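Okay, so here's the structure we're looking at.
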Amino acid sequence: MKIRLYNTLGRELQAFEPLEAGIARMYACGPTVYNYAHIGNLRTYVFEDLLRRTFLYFGYKVEHVMNVTDVGHLTDDGDEGEDKMIKSAREQGKSVWDIADFFAEAFFRDLDKLNVEMPEVVCKATDHIADMINLIGRLEERGYTYLAGGNLYFDVGKFQRYGELALLDRAKLQAGARVEVDENKRNPQDFVLWFTKSKFDQQAMLWDSPWGRGYPGWHIECSAMSMRYLGDQFDIHLGGVDHIPVHHTNEIAQSEAATGKPWVRYWVHGEFLVMTGGKMSKSAGGFITLESLEQMGYHPLDYRYFCLGGHYRTQLQFTEDSLNAAQTARRNLLDRIERLRAEAARNGATTSGETASDDLGDGAQAHLRAFETAVAEDLNIPKALAELWQSMKDDSVTAQERLWLAMRMDRILAIGITAAVEGPSEADAPDDDAAEIEHLITERNEARNSRNFARADEIRSYLKEKGVLLEDGPEGTHWKRG
RNA sequence: GGCGCCGUACCCAAGUGGUAAGGGGGAGGUCUGCAAAACCUUUAUUCACCGGUUCGAAUCCGGUCGGCGCCUCCA
């Protein structure tokens, strides 16, 4: 099936045509590891994971590269004098290197909890300084750079198509709208490739270079590392929408200036998670981590499910109510899976193993096709999720087929369905108190049979206090942990 | 000031020319000693507002109002 994606470059839906048949090569801008990722950051990585899984689902080989920015950069709003990494290191009494390792580890732990698969390559900026110096050298040879005030700049005036991605009209850009203009720049949009004169003193990470001892500008790392692992030209570049006007615009300029060739074919950007009053950010006070959601009683996959509810290109409203809705929905879905599993078992069907989709009935086929069509059309995951629900509720499809469909769809959605189907069922789950609970249930049912409801209710409330819920059904009494 | 996005039920949110997906929540019902679960039914004649194009518009065009993002090394 043809996958269509919205290309920021050109602002239109385009059929994905890889440079090399059957392979999707993509680069994703990763985190700057000076703090924990907040759930807004994580939304973007969930989106990238959905795209990755979509390619895999449709049979592509994926070469996915993500960088980790572990070189310090400026602190946030209004603070022009300090480096994020240095600030964080000082506050925590650690070296910048330790800070980077610590938060990178935390970041990937979060991704793992969210069922975000690891890219084929995760590369740290500090391991690729030589690649950056090399690339800057190519730019210098081609005359795109100038030295001023000790720093080496990229001259956007030499790159005619500057700003094409962001639809920037250089003549109309208001320089210094929010930040002081760097007097050394020839054009306001010029950016530093290599610093030797830091705006701040305590820069701990320094490397020798042809332009002096210093450290690289931010944008160059993505160009250098992506080209190192994916070649001078590759298929897709991913990131958050905030990167369109500056970071990605500059990446394109320096990459294409260095090679003289078109660089990336498809630019795909994820929109922000927003809270009441605006986007999530430290200054606004709404810094929520995955861990804090866990402490509030949510499963990480509840958050993933929540993310699937909105299209990647639209802002998603985060509220506790909507996260609750996602949590309940996911529980209901997994409960339904559990019942389908029991039904399939009663029918003597096996739930594991592959069923060729050719063997599916027409109804199941139609559901699968609807799901795949939604996913392939610019990753319409909300629609795909709706198709999942409809297929689960379709009684004309056998329980076994529905389980198979759910697992199949979970290859992309990754919301815990496969684990629910293939893992131990609730009944198999070991429980230290199981014997006592079973015993009490037996006693209660004897009491019910002799119409001693007072005793029966006593047992119900006793177990409820211990967190055990009883459900009387036609086939006996089931219990579960509440 | 420039660039871009968005406004769909109580909430989240698909749908972008053919007569409103899905989830959560609410309401009613079946079942049940009770309770829960499950199941069934129901919940926008209408898509911020005003014009226009069209046989037909939530979808296209123009305007108004409102929200948001970016223009800084925020995902």
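Quick note on labels: first sequence line is chain A, next is B, and so on, each numbered from 1. The shown structure was predicted, so the numbers you read here are calculated from the model rather than taken from an experiment.
Annotation: of the two residues near RNA chain B, A:Gly240 and A:Leu470, the 5′-most nearest-nucleotide partner is A:Leu470.
A:Val246 comes within 4.0 angstrom of the backbone, heavy atoms only, and of no base. Using a 4.0 Å heavy-atom criterion, one finds that A:Leu323 contacts no nucleic acid atom at all. If you check every strand for non-hydrogen atoms under 4.0 Å, A:Glu471 touches a base. Using a 4.0 Å heavy-atom cutoff across all strands shown, A:His243 reaches sugar-phosphate atoms only and no base atom. Residue A:Arg336 is in sugar-phosphate contact alone, with no base atom involved, counting any heavy-atom pair closer than 4.0 Å across all strands shown. Using a 4.0 Å heavy-atom distance criterion, A:Leu316 is classed as a sugar-phosphate-only contact. The residue A:Arg460 sits close to a base: some heavy atom pair falls under 4.0 Å. Residue A:Ser322 is in sugar-phosphate contact alone, with no base atom involved, counting any heavy-atom pair closer than 4.0 Å across all strands shown. Among the heavy atoms of the strands lying under 4.0 Å from A:Ala386 is at least one base atom, whether or not backbone atoms are also near.
The six-membered or imidazole ring of A:His269 lies near that of A:His248, with a centre-to-centre distance under 6.0 Å. In this structure, A:Tyr36 has its ring center no closer than 6.0 Å to that of A:Phe287.
Across the C1' atoms, B:G22 and B:C65 are found 31 Å apart, a figure rounded to whole Å. Taking the C1' atom of each, B:G66 and B:C74 are spaced 25 Å apart, rounded to whole Å.
Dashed line: the shortest gap from a side-chain N or O of A:Arg339 to OP1 or OP2 of B:A38 is under 4.0 Å. Using a 4.0 Å cut-off, no side-chain N or O of A:Arg313 falls inside it from OP1 or OP2 of B:A75.
Of the residues in residues 388-396 of chain A, A:Trp389, A:Gln390, A:Lys393 come within less than 4.0 Å of RNA chain B through at least one heavy atom, sorted by number.
The interatomic distance linking A:His248 (NE2) with B:C74 (C1') rounds to 12 Å, in whole Å. Between the C1' atom of B:C71 and the CG atom of A:Leu165 lies a distance of 14 Å, rounded to the nearest Å.
Side-chain contact annotation: A:Asn67 with A:Thr69, donor-acceptor N/O pair under 3.5 Å present. Donor-acceptor pairing under 3.5 Å is lacking for the side chains of A:Gln317 and A:Gln315.
Below the 3.5 angstrom threshold, one finds a donor paired with an acceptor across the side chain of A:Asp472 and the base of B:C34. Side chain A:Asp457 to base B:G33: a donor-acceptor pair is found below 3.5 Å.
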Just the atom pairs and distances: protein N or O near nucleotides 27-32 of chain B's N or O, under 3.5 Å.
none

Check: protein-nucleotides 14-16 of chain B nitrogen or oxygen pairs below 3.5 Å:
| residue | atom | partner | partner atom | Å |
| --- | --- | --- | --- | --- |
| B:A14 | OP1 | A:His311 | N | 2.7 |
| B:A14 | OP1 | A:Thr314 | OG1 | 2.8 |
| B:A14 | O3' | A:Asn380 | ND2 | 3.2 |
| B:G15 | OP1 | A:Asn380 | ND2 | 3.2 |

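Here A:Glu458 pairs with A:Arg455 in a salt bridge; the nearest charged N to carboxylate O distance falls below 4.0 Å. With respect to A:Glu48 and A:Arg52, no salt bridge is recorded, no charged nitrogen being found less than 4.0 Å from a carboxylate O.
Looking at residues two or more places apart in sequence or on another chain, you find no salt bridge (charged side-chain N to carboxylate O under 4.0 Å, His left out) involving A:Asp190. When the salt bridge (charged side-chain N to carboxylate O under 4.0 Å, His left out) test is applied to A:Arg304, the partners found at least two apart in sequence or on another chain are A:Asp49.
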In dot-bracket form, how is RNA chain B paired, counting a Watson-Crick or G-U wobble pair only if both its distances are under 3.5 Å and using | for bases paired to another strand? ((((((((.[[[..)..(...]]]((((((.......))))))....[[[[[..)....]]]]])))))))....

